[in-house]
Amino acid sequence: MTEDLETLDDKPFTFTQDVHEPVHNPWLGLRTKRRFFENDEIAAFLDRGLFYARAGVPLHFRGTAGRGKTAIAIEIAKRLGRPFSVMTGNDWLDIEDMVGKQVGQSTHAVVDKYIQRVRRSEETTRYDWENAILADAMLKGHTLVYDEFTRSSPKANGILLSVLEEGILVAADPLAASTHIHAHPNFRIILTSNPHDYTGVNVSPDALLDRMVTFEMSRYSFETESGIVAARTGIPPLLAKRIVRLVSDLTPDDQSCSIRACILIAQIAAMRLRTAPLSDALLAQISADVLRGRGVAITTGQIAQYLDQRPKQEKAV
């Protein structure tokens, strides 16, 4: 379990704009390892997911944007100890993007002139087939993370029914290397999706959802979100808590802002901290710019007033 957080690397980073004029680039100093933050809350969630995944049960993480669905799915895939691949749903995905397709053909010709007056020729054509990401993962026993799978068409996702139920992928193309692919015993699949009312999201068929365990992802606790922000950006834990509390208090609608807003504010603040102190006025301006871009009707003055009313110990960053 990881509780200690990285701090900013204070080594100077420069790039040369002119032979005689080195220019400081503070963004290059934000060299954190982007570790996966884990505390008791996240560890309990991972343990449940790993328990089901190791039992061969397909997992599905569903929730609004910025809830850490993909991060959790990838972390579980890593801890399964097998190679994994990631596929992102899209409305242009077709069945061949799941199964595979013909990628070319090879022609082999033989001309026999052993007898001068007799000419015998023989020509054979071989069609070259390439398995797609789903078929490849099933054959090799890898883990497939199918991110935002409901952005793909129900027709394309329909092929998952037999995969999730019987572990069999049916290839209707006569040129396929095999018409039926049986999943390797180590094959696992983890899916993520956004709510159906999101733009570009299709309704998941009940028959598909009935074949997986669905985890509803909501906001983490204040302490967990603060830890994630600090671990992802390298800012001091106290400043991370201040930013998370600011976003939470000023955006009461759970749908309006995600933890991504906190991380973006923290990234900009981290860049500032490499060269100068971070004033409340600048933090208010950064926060207003980020939040307004997410549809929050708030002014810099309102955020500055909020920060001024917070306890003094929060300002000692």
Taking C-beta and beyond as the side chain, do [X] and [Y] meet within less than 4.5 Å on heavy atoms?
{"X": "D206", "Y": "D210", "value": "no"}
{"X": "F45", "Y": "M217", "value": "yes"}
{"X": "V244", "Y": "I228", "value": "no"}
{"X": "I189", "Y": "T143", "value": "no"}
{"X": "L291", "Y": "L246", "value": "yes"}
{"X": "I259", "Y": "V229", "value": "yes"}
{"X": "M212", "Y": "L191", "value": "yes"}
{"X": "V145", "Y": "F61", "value": "no"}

Salt-bridge test for K241 and E223: reply yes if a basic N is under 4.0 Å from a carboxylate O, no otherwise.
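Looking at K241 and E223, the cut-off is met.
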Salt bridge D280-R242, side-chain N to carboxylate O under 4.0 Å
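Salt bridge between D280 and R242, a charged N being under 4.0 Å from a carboxylate O: yes.
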Any side-chain to backbone donor/acceptor pair from [X] onto [Y]? Under 3.5 Å, distance only.
{"X": "Q302", "Y": "T299", "result": "yes"}
{"X": "T300", "Y": "A288", "result": "no"}
{"X": "R67", "Y": "S218", "result": "no"}
{"X": "R211", "Y": "A207", "result": "yes"}
{"X": "R82", "Y": "R79", "result": "no"}
{"X": "D136", "Y": "L139", "result": "no"}

Hey, could you give me the [atom1]/[atom2] distance between [X] and [Y], rounded to the nearest 0.5 Å?
{"X": "Y220", "Y": "S226", "atom1": "OH", "atom2": "OG", "value": "14.0 Å"}
{"X": "L134", "Y": "I159", "atom1": "CG", "atom2": "CD1", "value": "7.0 Å"}
{"X": "F187", "Y": "I181", "atom1": "CZ", "atom2": "CD1", "value": "10.5 Å"}
{"X": "I42", "Y": "I72", "atom1": "CD1", "atom2": "CD1", "value": "5.5 Å"}
{"X": "I263", "Y": "I235", "atom1": "CD1", "atom2": "CD1", "value": "10.0 Å"}
{"X": "S287", "Y": "I265", "atom1": "OG", "atom2": "CD1", "value": "4.0 Å"}

Heavy-atom count check: over 12 atoms from other residues, nucleotides or ligands less than 6.0 Å from D249 CG?
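Yes, enclosed.
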For the pair N39 and T224, evaluate side chain to side chain donor-acceptor pair (under 3.5 Å) and give the outcome as yes or no after the intermediate values.
CA-CA 7 Å; N39 60 4; T224 298; 2.8 Å; yes
Heavy atoms only: give me the nearest [X]-[Y] pair and the separation to one decimal.
{"X": "E166", "Y": "L161", "result": "OE1-O, 4.4 Å"}
{"X": "S153", "Y": "L93", "result": "OG-O, 4.2 Å"}
{"X": "A65", "Y": "S258", "result": "O-CB, 3.2 Å"}
{"X": "E38", "Y": "A43", "result": "OE2-CB, 3.3 Å"}
{"X": "T214", "Y": "R62", "result": "CG2-NH2, 3.7 Å"}
{"X": "V86", "Y": "I133", "result": "O-CD1, 3.8 Å"}

Under 3.5 Å, is there a donor-acceptor pair linking the side chains of [X] and [Y]?
{"X": "T233", "Y": "Q267", "value": "no"}
{"X": "T192", "Y": "D147", "value": "yes"}
{"X": "E148", "Y": "T88", "value": "no"}
{"X": "K69", "Y": "N194", "value": "yes"}
{"X": "S152", "Y": "Y146", "value": "yes"}

One pair to check against side chain to side chain contact (heavy atoms under 4.5 Å, CB included): V290 and V247. What are the steps and the verdict?
CA-CA 10 Å; V290 172; V247 174; over 6 Å; no
For H60 and F149, take the angle between the two ring planes, folded into 0 to 90°, and tell me which bin it lands in: parallel under 30, tilted 30 to 60, perpendicular over 60.
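Geometry flag for F149 against H60: perpendicular rings.
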Evaluate the criterion side chain to side chain contact (heavy atoms under 4.5 Å, CB included) for residue pair V163 and M138; output intermediate values, then yes/no.
CA-CA 9 Å; V163 173; M138 292 181 65; 4.0 Å; yes
Measure from NZ or CZ of R245 to the centre of the six-membered ring of F222 and say whether it is under 6.0 Å with the direction within 45° of the ring axis.
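Yes, a cation-pi geometry.
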Worked verdict on I190 versus L144 for side chain to side chain contact (heavy atoms under 4.5 Å, CB included)
CA-CA 6 Å; I190 306 173; L144 175 63; over 6 Å; no
Stepwise, does the side chain to side chain contact (heavy atoms under 4.5 Å, CB included) test hold for N157 with R151?
CA-CA 10 Å; N157 286 334; R151 292 192 179 276; over 6 Å; no
